[in-house]
Amino acid sequence: MDFSEGQMFRDTIKILEEAANVINCDPNVLERMKRPKRAIIVSIPVRMDDYRVKVFSGYRVQHSSTLGPYKGGIRYHQDVSLSEVAALATLMTFKCSLLNLPLGGGKGGVRVDPTQLSRTEKQNLTRRFTSELGTAIGPDVDIPAPDMGTDPQTMAWIMDTYSQEVGFAQPGVVTGKPVEIGGSLGRAGATGLGVVFTTEKALETQKKKIEGTTMVIQGFGNVGQHAALYAHQRGAKVLAVSDVTGGIVDMKGLNVPDVIKYVSEHKVLKGYPKAEPISNEELLTLPCEILAPCAMENVITGENAGKIQAKFVIEGANGPCTVEGSKILHERDIVACPDILANGGGVIVSYFEWVQGLQHYFWTEDEVNAKMKLIITSAFDKVWELKTEKKIDMRTAAMGQAVRRLERAMLLRGLYPR
Ligand code: GLU
């Protein structure tokens, strides 16, 4: 098992090296940035509903705590691997750095298909995983959050298990909790709203508006649904959306609230009666202004990037474009807003949730959204400035700004013992 087994980790390091080169990063510091500080691998025995015990593999990779406690989600998916979690942890470090948050980067994952678990099995798995992680997580140490396959309920179980073990309520151990137990207003929709704020900023660079624009969204989980809804509310036409069961299209624009209602009742998009079916691959190449990949990594590749007709790609997911895919988009003058910027709304509001919890003082949803907008739009401006100055793509520029802040912090703190 090695960090660099998977393409996403290798691609993340390539982007990091390129960005470090652009900003003349100290080579000793870069060496350290390329490796996660710590990786924890646990076996999670779970009592299944039929009384059998199954053992799952769980990971928590802690990439950097230079800027603050490790921060990042926990993913439940059948393809989770150490290498993937390490790539995602690395991205979290640079996401938090770019967004100027006092947080480091981490990520967790369990190799399991959560759709095959009952609620009880998912709870058993979550509680045992939390217990196996022990004091490696904590409000000042490492703060998990939802990611693919996990949700506010999962965070509630983590919070409860951790609190039971330390003996008192510790809401600060996770973010993305239900509001009733210390979650923040606005957290559930934060990543999708951030995707829309980024879209508006990207359109602005070409003097365009979101109202009347056309948008295609790949992935219809928490991020995709909220991005679609907020874009729809601002007058964008959402032409097509997709999930693992395939996509739906209506070139006149989907009735997004109706699609969301259908998915909440049927769990999947398949069978939605008021639009035409379309495959995930066809959806990516539809003519539109904005394409927002909000599902998995490695979706836009060297193979299909040449066929994309969108003018803007807004990365709601982590790592949806491979390095090769990104290069082709850049050559074709397609503006691609990278993950560490475009999907940063989630971790920004996670940061707000953590702060509100520590202060025992909670903000209104309008306050949360306005403060998030301020952070994500100023990060966009910083990225745009470096992109324009160095004539590079937005991914390298975003990584460049993130590396700059972390480099300064690492040099100031120095290397222990020397
Ligand atoms: N999983 C989300 C991400 O990839 C959120 C992380 C967090 O809120 O800590 O950014």
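In this text, all values refer to a predicted model and were calculated from it rather than measured experimentally. Worth knowing before you read on, the calculation uses all heavy atoms, side chains too, and leaves out hydrogens, waters and symmetry mates. By convention here, the first residue in the shown sequence is residue 1. Whatever order the structure lists ligands and atoms in, that order sets their numbers, starting from 1.
Scanning Ala145, Pro144, Pro146 for the heavy atom closest to atom 2 (C) of ligand 1 points to Pro146.
Salt-bridge formation is detected for the pair Glu132/Arg128: a Lys NZ or Arg NE/NH1/NH2 atom is positioned less than 4.0 Å from an Asp or Glu carboxylate oxygen. Electrostatic pairing of Lys95 and Glu315 does not count as a salt bridge here, judged by no charged N lying under 4.0 Å from a carboxylate O. The existence of a salt bridge linking Arg47 and Glu121 is excluded, since no basic side-chain nitrogen approaches an acidic carboxylate oxygen closer than 4.0 Å.
Look at Met92 and you'll find a heavy atom under 4.0 Å from some atom of ligand 1. Residue Glu353 places every heavy atom at 4.0 Å or more from ligand 1.
Considering backbone and side-chain N/O of Asn318, one or more are found under 3.5 Å from N/O of ligand 1.
At the top of the distance list for atom 5 (C) of ligand 1, counting protein heavy atoms only, stands Arg187 NH2, 3.6 Å. Lys71 NZ, 2.7 Å is the protein heavy atom nearest to atom 9 (O) of ligand 1. The protein atom (non-hydrogen) at minimum distance from atom 10 (O) of ligand 1 is Lys95 NZ, 2.6 Å.
Which parts of ligand 1 touch Ser350 is read off a 4.0 Å heavy-atom cut-off, strictly below it: atoms 7 (C), 8 (O), 9 (O). Of all the atoms in ligand 1, the ones that sit under 4.0 Å from a non-hydrogen atom of Lys107 are 1 (N), 3 (C), 4 (O). Atom numbering of ligand 1 starts at 1 in the shown order; those under 4.0 Å from a heavy atom of Gly72 are 9 (O). Taking every non-hydrogen atom of Gly73 and a distance limit under 4.0 Å, the qualifying atoms of ligand 1 come out as 1 (N), 6 (C). Every atom of ligand 1 is numbered from 1 in the order shown, and the set under 4.0 Å from a heavy atom of Asp147 is 1 (N), 2 (C), 4 (O).
A donor-acceptor pair under 3.5 Å is formed between the side chain of Arg413 and the backbone N or O of Thr66.
For the residue pair Thr191 and Asn343, no side-chain donor N or O sits within less than 3.5 Å of a side-chain acceptor on the partner.
Separation of atoms OG1 (Thr322) and CG (Leu329) is listed at 8.5 Å; rounding is to 0.5 Å. Here Ile260 contributes atom CD1 and Asp258 contributes atom CG; the two are 10.0 Å apart, rounded to the nearest 0.5 Å.
Here the closest heavy-atom approach between residue Tyr162 and residue Gly134 is recorded as CE1-O, 4.0 Å.
Residue Asp142 forms a salt bridge (Lys or Arg N to Asp or Glu O under 4.0 Å) with just one option from Arg60, Lys71, Lys37, and that option is Arg60.
Residue contacts with ligand 1 for Arg75 are absent, since no atom lies close enough (heavy atoms, distance under 4.0 Å).
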